[in-house]
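Notes to accompany the following structure.
Here is how names work: the chains are called A, B, and so on, in the same order as the sequence lines, proteins then strands, and each is numbered from 1.
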Number of protein chains: 2
Amino acid sequence: MLNNSHYIDKLRSSGLRPTKQRIKICEILFNTDKTFHFTINDLVKKISKATNDKISLATVYNTVHAFKKKGYLKEIPINSDQSYFDTNTSHHHHFYDENQKDLIDIDDADVEPVKINTRIPGKKIKSVEVLVKVEDAE
Amino acid sequence: MLNNSHYIDKLRSSGLRPTKQRIKICEILFNTDKTFHFTINDLVKKISKATNDKISLATVYNTVHAFKKKGYLKEIPINSDQSYFDTNTSHHHHFYDENQKDLIDIDDADVEPVKINTRIPGKKIKSVEVLVKVEDAE
DNA sequence: TCAACAGTTTAGAACTATTATAATGTAGAC
DNA sequence: GTCTACATTATAATAGTTCTAAACTGTTGA
């Protein structure tokens with residue numbers, strides 16, 4: 001409960017009303033030193049473990065989208081039947097383990113900066129994302 | 001019709017029966033010097049333009065998945081409500097125009113090789129994909 | 001040649017992730 | 001406290017994809 005005032009400030013300062021659902025979701029997503037990846041379904045499970053007051057699915061979607069829009073979450077581009085989100089919003093890339101269906105951060109220091117020697121007229125680069133697919137070595 | 005024997009051989013040699021549906025889809029996907037990106041929906045539209053014999057949606061899905069499995073198509077990792085495929089299976093990367101919702105090839109020569117200085121024990125790298133998101137410059 | 005079989009196609013149902021709807025609830029300003 | 005705009009909610013709707021089971025067809029080998 002102590003840390004909640006931090007989330008309340010954070011929400012309010014980004015123009016989001018600090019509702020109890022949003023604060024609870026903040027606690028689950030950000031009250032940890034380790035960042036992690038999740039799907040909406042993962043988050044719903046975490047919520048039901050963490051609290052007795054259930055949060056409706058629509059609110060979970062709304063909140064995740066709002067947080068993504070504010071830059072508190074990143075969506076990871078990957079071929080999947082569901083969306084993956086990342087609480088690590090710093091610049092970094094990912095391994096995707098196709099056997100385990102698991103996403104693993106690549107520390108940005110472990111990737112040489114990606115140089116793109118071409119541009120599209122009238123467009124600016126918004127992000128550069130590297131996805132390294134790995135599989136079991138035989 | 002002349003080129004069909006080529007597709008028939010290609011299909012047969014990869015263990016796929018050369019049915020008329022698969023041959024027709026080969027013609028649409030590969031009978032062009034330019035490679036392109038498409039969604040299942042795009043492909044269905046191309047098919048109905050190209051032929052009077054309609055191919056059922058399930059067959060289109062089955063065929064695209066079979067071709068992907070055989071390496072004749074690549075799926076492009078991107079956050080989208082639908083899957084994007086690429087007839088260009090050579091190593092290359094993509095721009096994604098978030099305003100136009102459009103994928104554009106980046107010639108592999110225009111990207112410095114991506115160096116990943118870390119590995120996951122027991123795993124080998126299968127692919128390295130770079131997605132450069134761009135948006136309108138203001 | 002043609003029977004038999006395994007692989008393929010098909011229409012439509014089922015499934016799943018996500019978004020929309022519209023009524024109810026609530027935070028914050030006055 | 002009251003009011004209003006924003007949030008939450010249950011549920012319906014939507015859309016992409018996969019499943020099902022019956023009909024069809026390419027291939028093999030007698």
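Note on the helix from C:dT1-D:dA30 to C:dC30-D:dG1: angle between the axes of the first and last five pairs equals 20°, rounded to 10 degrees.
When each of B:V60 and B:R17 is assigned the nucleotide of DNA chain C bearing its nearest heavy atom, the one mapping closer to the 5' terminus is B:R17.
In this structure, B:F67 atom CZ and C:dT8 atom P are separated by 11 Å, rounded to whole Å. Going from atom CG of A:L43 over to atom P of C:dA17 covers 14 Å, rounded to whole Å. Distance, B:F85 CZ to D:dG16 C1': 11 Å, rounded to whole Å. Between the CG atom of B:N41 and the C1' atom of D:dA15 there is a distance of 10 Å, given to the nearest Å. Taking atom CD of residue B:Q82 and atom C1' of nucleotide D:dT17, one finds them 11 Å apart after rounding to whole Å. We find that CG of A:D53 is positioned 16 Å from C1' of D:dA7, with the value rounded to whole Å. Spacing between atom CG of A:L16 and atom P of D:dA7 amounts to 7 Å, rounded to whole angstrom units. Remark: C1' of D:dG16 and CG of B:N79 are 16 Å apart, rounded to the nearest angstrom.
Among the atoms of the strands shown, only primed sugar atoms or phosphate atoms (P, OP1, OP2) are found under 4.0 Å from some heavy atom of A:S83. Base contact: A:L57 has a heavy atom under 4.0 Å from a base atom.
Looking at B:Y72 and B:S14, their side chains do bring a donor and an acceptor atom within 3.5 Å of each other. Judged by distance alone, the side chains of B:H37 and B:D105 do bring a donor and an acceptor atom under 3.5 Å apart. Counted by atom type alone, B:D42 and B:T39 present one or more donor-acceptor pairs between their side chains at under 3.5 Å.
No donor-acceptor distance shorter than 3.5 angstrom exists from the side chain of A:R22 to the backbone of A:T63, with no hydrogens or angles considered.
Put simply, A:Y61 has no side-chain N or O that comes within less than 4.0 Å of OP1 or OP2 on C:dT19. Considering only side-chain N and O atoms, B:K54 lies under 4.0 angstrom from the phosphate OP1 or OP2 of C:dA11. Phosphate contact (OP1/OP2 of D:dT8, side-chain N/O of A:R22, threshold under 4.0 Å): present. Residue A:T19 places none of its side-chain N or O atoms closer than 4.0 Å to OP1 or OP2 of D:dC6. At D:dT9, one or more side-chain N or O atoms of A:Q21 fall inside 4.0 Å of OP1 or OP2 (strictly under the cut-off). Between B:H65 and D:dT18 there is a side-chain polar atom (N or O) within less than 4.0 angstrom of OP1 or OP2. In this model, the phosphate group of D:dT8 is not approached by any side-chain N or O of A:S56 to a distance below 4.0 Å at OP1 or OP2. For C:dG28, the OP1/OP2 oxygens have a side-chain nitrogen or oxygen of A:R12 closer than 4.0 Å.
Relative orientation of the B:Y61 and B:H65 rings is tilted, given thresholds of 30° and 60° on the angle between their planes. Note on ring orientation: taking the six-membered ring where Trp is involved, the planes of A:F38 and A:F36 are tilted (angle from 30° to 60°).
The side chain of B:A58 has C:dG12 as its nearest neighbour among D:dT27, C:dG12, D:dT11. Ranking C:dT18, C:dG28, D:dT9 by closeness to the A:I40 side chain, first place goes to C:dT18. The side chain of B:T59 sits closest to C:dT9 out of C:dT9, D:dC6, C:dA11.
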Requested in this report: Begin from the C-alpha positions of A:K123 and B:N99 and carry the test side-chain contact (heavy atoms from CB on, under 4.5 Å) through to its verdict.
Outcome: CA-CA 10 Å; A:K123 302 282 173 181; B:N99 299 103; 4.2 Å; yes

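With A:D86 as reference, A:H92 is the one residue of A:K68, A:K74, A:H92 to meet the side-chain hydrogen bond (donor to acceptor under 3.5 Å, both in side chains) rule.
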